[in-house]
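Structure, as structure tokens:
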Amino acid sequence: MAEENSGEKTIDDWRIRIDEIDLELVRLFNERTQCAIEIGHIKKRLGLEIYSPKREAQVIANVTAANSGPLDAEAIRRLFERVIDEARRIERIEASKDKGSEG
Amino acid sequence: MIIVMEENATEEQIVRVVDRLIKLGFDIHRSTGSRYTLLGAVGSRITDLRDLELLEGVNKVVRVSAPYKLAARAFNPEGAKIEIGDMVIGGEQVVVMAGPGVVENREQMETVAGRLASHGVRVLRGGAFRTSDDPYGFQGLGEEGLKLLREVADRHRMLTHSTIFDISQLALFARYVDIIQVSERDMRNYALLKELAKLGKPVILRRGASSTIEETLMAADFVMRCGDHQVIVCERGIRTFETYTRHTLDLSAIPVIKKLSCLPIIVDPSRAMGRRDKVPPMARAAVAAGADGLLIEVHHDPDHALTDGAQSLTLEQFDKLTDQLRVIASAVERTL
């Protein structure tokens, strides 16, 4: 592909930046997930349900309120629904591992 | 499965459905659209869809995976090959199972079996416990019939095939019959299927005249779940508005079952058509469509047969049909 105007970033430059951001997202997703796992263990100990619809609604409200675009609120909501789905899943898996203690 | 919520479903209703799904052991993929919220339920468990359809705010529930597991293609992507001695059902060879509708006497069995064996037919069929729709008709020879079937088949180095109708016949079938057929009426006789599975013999499950393909494969799953994986599905015609033939032979079931299921499928054109002149065309079509086998009624003297002479081929008709089937089989990369 022909070189673009000097001084302007190329597609490759932008992709390098996206790759960097993705790695950062992976790190953050896992850090967030670790928090969810810890909560899962506590819930288990206290006999609380893994599914907390109120808390999930609060998470969505927080992130959409903080959003300043260019993604619109609906897009942010859909992205975070997936994040929450996965957090709920891993909480379930982790909780089932300590089943023995519950009997 | 996917749950589509009503356009005006409230958050409370959605939460209640999610909660139910989680309690059933599913993981949820929620997607809130501008109009409809979709809930993807991920998990391998089988659930009664109606339980979810009844929840408030649910528009519809769509099943993604089939309600049967062991009979599904995914369980055995290569396709099940049922080995009986050195014969394989579900392999390259199209297995022809032929013989009279019912065992009448030794002369009949010898004459028919001799001719079939000369064509390389490996399975001799013969009914012994006929449950004729005609209450006054010939009801079969019972154990004597099965014994005769066995003796004649052994002499011609053939396997035996017969239809079981009742749990009380299990011991006899265990003793005399290699391939046990379950009639269309008994496809859902789960008490019989459960006991039959314990024998561990190949079972031919005939699709009921009013049963869907899915129901048929669920019945197959039942036998497999009870420990017998040697199940062969048989298409023998379904009930339609057409009255000219006894039933409508659903040849479309062949490629459909091949795709959905790992089980071999055979076709019985005799029973479906009910008239011998209509049997060869449908037998040819079945092989062309990919059937793994055929069940064909053949009688040396159909005009004097005790039952179902009208749907039995004469020996000469069978000779001719075999020659034709050989050509068709090779055209679809099979052997006869």
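So you know, we letter chains A, B, ... as the sequences are listed, proteins then strands, and number each from 1.
Side chain of A:D85 to main chain of B:R30: a donor-acceptor pair is present (N/O by atom type, distance under 3.5 Å, no hydrogens or angles).
Heavy-atom neighbours of A:R88 CZ from other residues, nucleotides or ligands within 6.0 Å: above the threshold of 12. More than 12 heavy-atom neighbours from other residues, nucleotides or ligands sit within 6.0 angstrom of CD on A:E20. Atom CZ of A:R15 has 12 or fewer heavy atoms from other residues, nucleotides or ligands within 6.0 Å. When the shell of 6.0 Å around CD of A:Q58 is examined, it contains more than 12 heavy atoms from other residues, nucleotides or ligands. Around CZ of A:R77, the count of heavy atoms belonging to other residues, nucleotides or ligands within 6.0 Å exceeds 12. In the displayed structure, B:K194 atom NZ is contacted under 6.0 Å by at most 12 heavy atoms of other residues, nucleotides or ligands.
Of the two parts of B:I28, the backbone and the side chain both hold a non-hydrogen atom closer than 4.5 Å to a non-hydrogen atom of chain A. With a 4.5 Å cut-off on non-hydrogen atoms, B:D19 touches chain A through its backbone and its side chain both. Contacts between A:R78 and chain B at a heavy-atom distance below 4.5 Å involve the side chain alone, from C-beta outward. Neither the backbone nor the side chain of A:E56 comes within less than 4.5 Å of any heavy atom in chain B.
When the candidates A:R82, A:R92, A:E74 are compared by the number of heavy-atom contacts under 4.5 Å with chain B, A:R82 comes out ahead.
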**Q.** A:E49 and B:I22: CA distance, side-chain angles, deciding distance, side-chain contact (heavy atoms from CB on, under 4.5 Å) verdict
**A.** CA-CA 10 Å; A:E49 296 279 347; B:I22 287 172; over 6 Å; no

